[in-house]
Amino acid sequence: MKHRIGVIPGDGIGPEIVREAQKVLDAAGKKYDFELDYTEILMGGASIDVHGVPLTDEAIETAKSGEAVLMGSIGGDAKTSPWYQLPPNRRPEAGLLGIRKALNLFANLRPAYLYEELRAACPLREDISAAGFDMLIMRELTGGLYFGERHTVTENGLRKAVDTLEYNENEIRRIAVKGFDIARKRRHKVCSVDKANVLDSSRLWRAVVEEVARDYPDVELSHMLVDNCAMQLVKDPAQFDVILTENMFGDILSDEASMVTGSIGMLSSASLNETKFGLYEPSHGSAPDIAGQNIANPIATILSAAMMLRYSLDLDEAADAVEAAVRKVLADGYRTADIWSEGCMKVGTIQMGDLIAERV
Ligand code: NAD
């Protein structure tokens with residue numbers, strides 16, 4: 001079976017890490033009998049250099065024509081790169097916002113998984129990290145406070161700023177459905193996070209999530225207030241499977257969950273729309289400080305590619321194999337510089353890709 005995939009190598013370490021992810025995907029394709037037909041898409045600084053803008057209509061059309069997009073990362077060094085002399089709407093990051101909007105990517109997924117081999121990097125107390133954790137934050141990405149009406153005025157000499165947090169039931173329902181669907185591919189647990197003791201938008205959120213839950217009797221639903229969730233993430237992260245939440249809460253909680261893993265080069269992400277289409281990218285940036293040196297960790301991108309196999313292409317077995325290969329490489333003692341510790345073998349970007357591909 002052949003699948004059409006858009007590939008955005010992007011800037012900085014982007015092209016290096018995406019190349020390794022493609023290597024691993026191709027190895028999985030050979031083993032599990034599928035073929036990926038890649039079309040390269042220019043975005044971010046790479047697009048500015050060629051077209052003068054970070055995202056063209058043609059790039060959007062190419063992205064839309066495939067089943068998924070695999071992305072490296074975009075952007076450069078804001079202090080030295082000429083891209084940042086351009087007005088904000090022509091800078092690399094505008095490309096990312098543009099493609100998310102054009103593809104209607106409203107569901108953002110960020111797994112936080114603690115690898116036993118990298119436990120030393122986890123900043124939590126040892127008795128907490130010993131239990132391990134494997135959670136996924138499902139964040140609503142196109143509504144809420146970041147997209148509501150906002151303004152600043154001066155009234156009677158007093159400056160006043162207003163932001164609006166708005167959700168309608170359809171926006172809540174579609175992200176809840178995604179959350180429950182994905183819980184079915186995991187441990188069948190959803191914890192919906194809100195501030196229902198204060199906010200009307202959270203009370204509607206809770207009511208709609210409960211309505212959706214009726215269609216998923218096999219998934220266990222719980223509710224948690226966001227302030228408690230922020231505490232529980234460092235006190236007992238092992239309790240969570242899927243955390244379902246709105247845009248701003250998800251923004252904060254997903255960064256917190258990432259940090260408790262302690263390894264930025266390992267964190268994958270996906271953004272999905274109403275169909276199976278998704279954009280898959282590492283959680284980290286384009287790391288211009290280490291670009292072109294063959295030292296970047298490609299694992300976050302390789303794990304993002306595994307998510308693409310699972311969520312957009314329904315190739316769950318191949319996704320499992322890629323994730324198992326990553327675990328095996330770590331168990332065998334190989335590390336890129338960012339996750340290296342005493343007694344391990346230090347390898348570069350390309351070798352890490354080779355080692356994982358061999359183990360798929
Ligand atoms: P960054 O994530 O690129 O780098 C932070 C630190 O982590 C750096 O020291 C970097 O060397 C290291 N690092 C990141 N990824 C690594 C990897 N795979 N292997 C080893 N080390 C890694 O964040 P930043 O420096 O704040 O941003 C750099 C650029 O990336 C900026 O232009 C920013 O706008 C952009 N950015 C893009 C995205 C995206 O494309 N989604 C996300 C975040 C930042």
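Just follow the structure's listing: the first ligand is 1, and inside any ligand the first atom is 1. Source: prediction; values computed, not measured.
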- Excluding Val50, membership of its hydrophobic cluster (Ile, Leu, Val, Met, Phe, Trp, Tyr; side-chain heavy atoms within less than 4.5 Å) reads Leu42
- Task: For Asp127, check side chain to side chain contact (heavy atoms under 4.5 Å, CB included) against everything at least two apart and list the hits.
- Result: Arg125
- Is it true that the side chains of Asp11 and Ser286 contain a donor and an acceptor less than 3.5 Å apart? no
- List in chain and number order the residues that pass side chain to side chain contact (heavy atoms under 4.5 Å, CB included) with Glu93, two or more places apart in sequence or in another chain; answer none if no residue qualifies. Tyr84, Arg91
- Task: Would you tell me whether Arg110 and Ser258 have side-chain atoms, one donor and one acceptor, within less than 3.5 Å of each other?
- Result: yes
- Message: A cation-pi test, strictly: NZ or CZ of Arg174 under 6.0 Å from the centre of the six-membered ring of Phe106 and no more than 45 degrees from its axis. Yes or no?
- Response: yes
- Item | Close residues, ligand 1: non-hydrogen atom nearer than 4.0 Å | Ile13, Met71, Ser73, Ile74, Gly75, Gly76, Tyr84, Glu93, Leu96, Ile264, Glu281, His284, Gly285, Ser286, Ala287, Pro288, Asp289, Ile290, Ala296, Asn297, Asp338
